[in-house]
Amino acid sequence: MTRPAKIGAAAALAQLEGWTAADGKDAIEKTYKFADFNAAFGFMTRVAIEADKRDHHPEWFNVYNRVEVTLTTHDADGVSERDVQLAKFMDGIAG
Ligand SMILES: C[C@H](O)[C@H](O)[C@H]1CNC2=NC(N)=NC(=O)C2=N1
C-alpha cells in the first residue's frame, strides 16, 4: 500500500457532516448515539470488520449507547483520504 497523503482535518471536514476537528492533533471526531448498547456494539462490530479489511482502524470509546470516534492516519501524521472514506462508511451504517 502506498503511503497516504495528509490532507488535514479542515479538508476532511469539508466533505463530511457532523464531524469536528480534534484538539491538539490533526484528527477528526464524532460521537454517535444509538438506541442501546446492542445497537452501539452492532455498529462497532460492522465498522471493525470493514476497518480491518482496509487496514485502517478507528480510535474509539464506548459507554452503553454512545460511541466516540477519532480518526487520523499515523503514516500521514494527520488526516488522510482514508479517514474520510472510513468516516463516510461509518455515517452510512449509523442509521
Ligand atoms: C501497522 C499497521 O498496518 C498500521 O499501523 C496501520 C493500521 N491501521 C491504521 N489505522 C489508522 N487509523 N491509521 C493508520 O495510520 C493505520 N495504520
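In listed order, ligands and their atoms are each counted from 1. The first residue of the sequence shown is numbered 1, and numbering continues consecutively from there.
Among all protein heavy atoms, the one lying closest to atom 8 (N) of ligand 1 is His57 ND1, 2.8 Å. Among protein heavy atoms, atom 6 (C) of ligand 1 sits closest to Asp55 O, 3.9 Å. Remark: minimum distance from atom 16 (C) of ligand 1 to any protein heavy atom is reached at His74 ND1, 3.6 Å.
Between Met90 and Pro58 the shortest heavy-atom distance is CE-CB, 3.8 Å.
Using 4.0 Å as the threshold, Leu71 has no heavy atom nearer than that to any atom of ligand 1.
Between the side chain of Asn62 and the main chain of Arg66, a donor-acceptor pair closer than 3.5 Å is present.
Residue Asp75 approaches ligand 1 through these ligand atoms, each under 4.0 Å from one of its heavy atoms: 15 (O).
Ligand 1 has an N or O atom lying under 3.5 Å from an N or O atom of Thr72, backbone or side chain. Among the atoms of Thr73, none of the N or O lies under 3.5 angstrom from an N or O of ligand 1.
Note that CH2 of Trp60 and NZ of Lys30 are 14.5 Å apart. Values are rounded to the nearest 0.5 Å. The NZ atom of Lys88 sits 6.5 Å away from atom CG of Leu16, with the distance rounded to the nearest 0.5 Å. One distance of note links CD of Glu29 with OG1 of Thr70; it measures 4.0 Å at 0.5 Å rounding. Atom CG in Asp26 sits 5.5 Å away from atom OG1 in Thr72 (nearest 0.5 Å).
Between Arg46 and Glu50 there is no salt bridge, since no side-chain nitrogen of the basic residue lies less than 4.0 Å from a carboxylate oxygen of the acidic one.
Of all the heavy atoms of Leu86, none lies under 4.0 Å from any atom of ligand 1, so neither backbone nor side chain is involved.
When distances from atom 1 (C) of ligand 1 to the protein are checked, no heavy atom turns up under 4.0 Å. Under the 4.0 angstrom criterion, atom 4 (C) of ligand 1 counts as lacking any protein heavy-atom contact.
When His56, Glu59, Arg82 are checked for heavy-atom proximity to atom 11 (C) of ligand 1, His56 turns out nearest.
In Phe41, the CZ atom is not crowded: 12 or fewer heavy atoms of neighbouring residues, nucleotides or ligands sit closer than 6.0 Å.
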